[in-house]
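Below is one structure; the comments refer to it alone.
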Amino acid sequence: MSNRIQDIQGFLREILVQRIRPGDIALDLTAGRGRDTLFLAQAVGPKGRVHAFDIQDRALKETERLLSKHGLAERVSLHAITHARVREVVAEPINIAMFNLGYLPGSDHSLTTQAESTLLALQSVLEMLTLNGILVLTIYRGHPGGKEEASAVDQFLTSLPRKCFSVLEGKYINQDREAPYWVLVQKKREEIG
């Protein structure tokens, strides 16, 4: 774990490690290089399960390689589909979900997450979350389409009923306006009506 708050992913993992229980079901909706998938696989223990999604073959191969290196591949199901289709492959309720919105570092910057599929995935994940379940997003917006996706996600999360969800946002106030920021969402109760 990182003790530098500039490391958003490390900071979020420190928050999540206190919330994840052995045996939990977790989602990594943007597998990328596999670091969040690895963290989740370690945290859920041998009786837990992680589902990791990415549309890029390179991302899934890097994730699989990282998991194998740590002897944790058996705890993870890798899905080569968009996160918008999460309900097609995950039927059980989930306790933790992670998103890193943007592009795969070191790869083609024109291949990014998109507002439309991200909103579909968010809706599904929020419905699948157990009570007190947590969703975390890291939102990168310094690429083409990034600001539009961030705006759509912000509008969606702002509209969530406050009786059912707590939504907390963290951002750097002394950096570039396009610096990444994070959002935590906790499900407090099922929606009524």
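Proximity of F156 to T118: side-chain heavy atoms (C-beta onward) are nowhere separated by under 4.5 Å. A heavy-atom distance below 4.5 Å is found between the side chains of L129 and I94. L135 is not listed as a side-chain neighbour of F165, based on a closest heavy-atom distance of 4.5 Å or more. Within the 4.5 Å cutoff, the side chain of V153 has no heavy atoms near those of the F99 side chain. Contact check for S117 versus H83: side-chain heavy atoms found under the 4.5 Å cut-off. Residues Q186 and N132 have side chains in contact (heavy-atom distance under 4.5 Å, counting atoms from C-beta outward). Using a 4.5 Å heavy-atom threshold, the side chains of D54 and T63 count as separate.
Separating the CD atom in E74 from the CG atom in L72 is a distance of 6.0 Å, to the nearest 0.5 Å. In this structure, CD1 in I139 is found 5.5 Å from CG in D154, a value given to the nearest 0.5 Å. The CZ atom of R35 lies 12.0 Å from the CE atom of M98; values are rounded to the nearest 0.5 Å. With values rounded to the nearest 0.5 angstrom, L78 atom CG is found 11.5 Å from I81 atom CD1. Atom-to-atom distance recorded for C164:SG and K188:NZ is 8.0 Å, nearest 0.5 angstrom. Distance CG/L27 to NE2/H79: 8.5 Å, rounded to 0.5 Å.
A salt bridge does not link R49 to E92: none of the charged side-chain nitrogens sits closer than 4.0 Å to a carboxylate oxygen. Between R141 and E149 no salt bridge is recorded (no basic side-chain N to carboxylate O distance below 4.0 Å).
Below 30°, between 30° and 60°, or above 60°: for F11 and W182 the angle between ring planes is between 30° and 60°, a tilted geometry.
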